[in-house]
Number of protein chains: 2
Amino acid sequence: MKKEKVRERIIRVASDLFYRQGFNSTGINQIIAEADIAIGSLYNHFSSKNDLLQAYLVKEEFEWFKSFEEHSAKVSGPREKIFSLVDYRKKMQLSSKFAGCHFIKIVAEVGDSNPTVSGFVRQHKLKQKEMIRKLVDDYAENENIDEDLVTENIFLLIEGAVVTSMINKNSDSFDQIQKMIEAQMP
Amino acid sequence: MKKEKVRERIIRVASDLFYRQGFNSTGINQIIAEADIAIGSLYNHFSSKNDLLQAYLVKEEFEWFKSFEEHSAKVSGPREKIFSLVDYRKKMQLSSKFAGCHFIKIVAEVGDSNPTVSGFVRQHKLKQKEMIRKLVDDYAENENIDEDLVTENIFLLIEGAVVTSMINKNSDSFDQIQKMIEAQMP
DNA sequence: GTCTATACGGAGATAGAC
DNA sequence: GTCTATCTCCGTATAGAC
């Protein structure tokens, strides 16, 4: 196992804090304390706190798709992959104690004041939807369904479930949307 | 028309800033500047910035239900009321330029660090769902549907549509869930 | 009740020794 | 490349005159 580089450790610590506490509530001083480095080192690797935010988002997106691929490798077939996606997001929420979606949270907090961030999140969610769309298309080869509508339906149900599980601090909403999606994909 | 009291003006200005910029990104100094009062006056009316946050949430919840009642008064019948709810939330997002849901945003930003806030939002969303539930029950008297599932379905679709419209800065998701709900309520 | 002045801490970021 | 020391600004909140 390779030794973790300083830059990687900074991103890892900052990501965790941004996610759990929020971006604005996380100070540079806290990051350097938890990463056990000096402030000079941080600014040697990142030009600003905003630069660190970008690295955070890039890393989270990369890991999102990578982790899902690993999670869904256990099953085969488009229908199973879609349920695996629901299960993946449920497991992520459980393991983070229902801290919510990285991308929704950062847009809700930073929002319009940072177009780079909101643009990145928009693209990320679009990629998610396109992934669902491919699975739905695969499935539709043998079933007569409205691919557009089913794709949007699944996507929006998952987004609603993630937000609701964050608010309620439980995973009930994921169990519910599973039933709803089952009804959409007989 | 009654003259707006100082306290009301403070809440109005703070609410607008909290919603558009976020809670942490809004400073006391900005609030008093836009409300055109001195800092001493603010702390005469509110004991802290957190106190102001509470007032903001209480006001937004009150107006949420009041505005929806006015909006939905135009139509009658449970099915129509539900579509009126979708239309209400769509209109709210349009008029705020897709700034998102007050309650989701504040939980995403403040989250676990303020249990009073997260508890308030949880209760608020529960009230929304109970309102939907009553409408679904009314509708179910003449139709054979699974009330639990349909209620959750509508609720989660709306939450997903609100979040997605915030991210995409358009109201497409509301038009889509309308079709989906139509399919649920023949 | 509203004002001005100010306390006090922490924010993000930089300088310069090593 | 990493360190310590420090700069400047702005955050929330308080004191006390009027």
Side-chain angles (χ1 to χ4, degrees), chain A residues 2-59 105-106 108-117, chain B residues 2-59 105-106 108-117:
Chain A
K2 233 171 53 179
K3 190 164 160 275
E4 189 185 40
K5 296 285 202 308
V6 175
R7 186 190 152 88
E8 288 161 3
R9 188 165 76 248
I10 296 171
I11 295 180
R12 181 173 54 78
V13 167
S15 296
D16 185 54
L17 291 170
F18 290 166
Y19 184 43
R20 290 190 294 105
Q21 301 183 343
F23 177 71
N24 288 318
S25 302
T26 299
I28 295 286
N29 293 329
Q30 190 180 11
I31 295 170
I32 61 173
E34 295 206 14
D36 199 35
I37 53 160
I39 189 165
S41 298
L42 189 148
Y43 280 98
N44 190 23
H45 289 283
F46 299 94
S47 65
S48 68
K49 194 186 173 189
N50 241 289
D51 193 23
L52 199 42
L53 173 58
Q54 300 294 335
Y56 160 62
L57 292 176
V58 169
K59 183 199 133 203
K105 282 184 83 168
I106 197 67
E109 184 173 359
V110 167
D112 301 333
S113 74
N114 191 329
T116 310
V117 167
Chain B
K2 233 170 53 181
K3 189 165 160 278
E4 189 184 39
K5 296 285 202 308
V6 175
R7 186 189 154 89
E8 288 161 3
R9 187 166 76 246
I10 296 171
I11 296 180
R12 181 174 54 77
V13 167
S15 296
D16 185 54
L17 291 171
F18 289 166
Y19 183 44
R20 289 190 294 105
Q21 301 184 343
F23 177 71
N24 289 318
S25 301
T26 299
I28 295 287
N29 294 329
Q30 190 180 10
I31 295 170
I32 62 172
E34 294 206 15
D36 199 35
I37 53 162
I39 188 166
S41 298
L42 189 149
Y43 281 98
N44 189 24
H45 288 285
F46 299 94
S47 65
S48 69
K49 193 186 173 188
N50 241 288
D51 192 23
L52 198 43
L53 174 58
Q54 299 295 335
Y56 160 62
L57 291 177
V58 169
K59 182 200 132 200
K105 281 184 84 166
I106 197 67
E109 184 173 359
V110 167
D112 300 334
S113 74
N114 192 329
T116 310
V117 167

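We name chains A, B, ... by the order of the sequence lines, and we start the count at 1 in each one.
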d([atom1], [X]; [atom2], [N]) in whole Å:
X	N	atom1	atom2	answer
K5(A)	dG1(D)	NZ	P	10 Å
L52(A)	dA11(C)	CG	P	15 Å
I31(B)	dC10(D)	CD1	C1'	14 Å
L42(B)	dT4(C)	CG	P	14 Å
N44(A)	dA13(C)	CG	P	15 Å
H45(A)	dA13(C)	NE2	C1'	17 Å
I32(A)	dA11(C)	CD1	C1'	12 Å
F46(A)	dG12(C)	CZ	P	15 Å

### Approximate separation, where rounding is to 0.5 Å, of Q54(A) CD and I11(A) CD1
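The CD1 atom of I11(A) is 11.5 Å from CD of Q54(A), to the nearest 0.5 Å.
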
In Å and rounded to the nearest 0.5 Å, what is the CZ to CG distance from F18(B) to L52(B)?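 If I round to the nearest 0.5 Å, the distance is 4.5 Å.
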
Any donor-acceptor N/O pair, K105(B) side chain to Y19(B) backbone, under 3.5 Å |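 A pair under 3.5 Å: yes.
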
Checklist entry - Is K59(B) reaching over with its side chain to a backbone N or O of R12(B), donor-acceptor style, under 3.5 angstrom? => result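 Such a contact is absent between K59(B) side chain and R12(B) backbone.
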
Go through dT2(D), dT4(C), dT2(C) for me and flag the one nearest to the S41(A) side chain.
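The nucleotide sitting nearest to the side chain is dT2(D).
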
Side-chain atoms of residues 34-51 of chain A: list all donor-acceptor pairs with protein atoms under 3.5 Å, sequence neighbours left out, distances to 0.1 Å.
{"residue": "S48(A)", "atom": "OG", "partner": "N50(A)", "partner atom": "N", "Å": "3.3"}
{"residue": "S48(A)", "atom": "OG", "partner": "D51(A)", "partner atom": "N", "Å": "3.1"}
{"residue": "K49(A)", "atom": "NZ", "partner": "F23(A)", "partner atom": "O", "Å": "2.9"}
{"residue": "K49(A)", "atom": "NZ", "partner": "T26(A)", "partner atom": "O", "Å": "2.8"}
{"residue": "N50(A)", "atom": "OD1", "partner": "N114(A)", "partner atom": "ND2", "Å": "2.9"}
{"residue": "D51(A)", "atom": "OD2", "partner": "S47(A)", "partner atom": "N", "Å": "3.1"}

Where is the tightest heavy-atom contact between A55(B) and R7(B), given as atom of each residue plus distance?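 Heavy atoms of A55(B) and R7(B) come nearest at CB-NH2, 4.5 Å.
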
In 5'-to-3' order, the base (B), backbone-only (S) or no-contact (-) status of each nucleotide in nucleotides 13-18 of chain D, using a 4.0 angstrom heavy-atom cut-off, is BB----

message: Any base atoms under 4.0 Å from T26(B), or only sugar-phosphate, or nothing? Heavy atoms, all strands.
response: sugar-phosphate

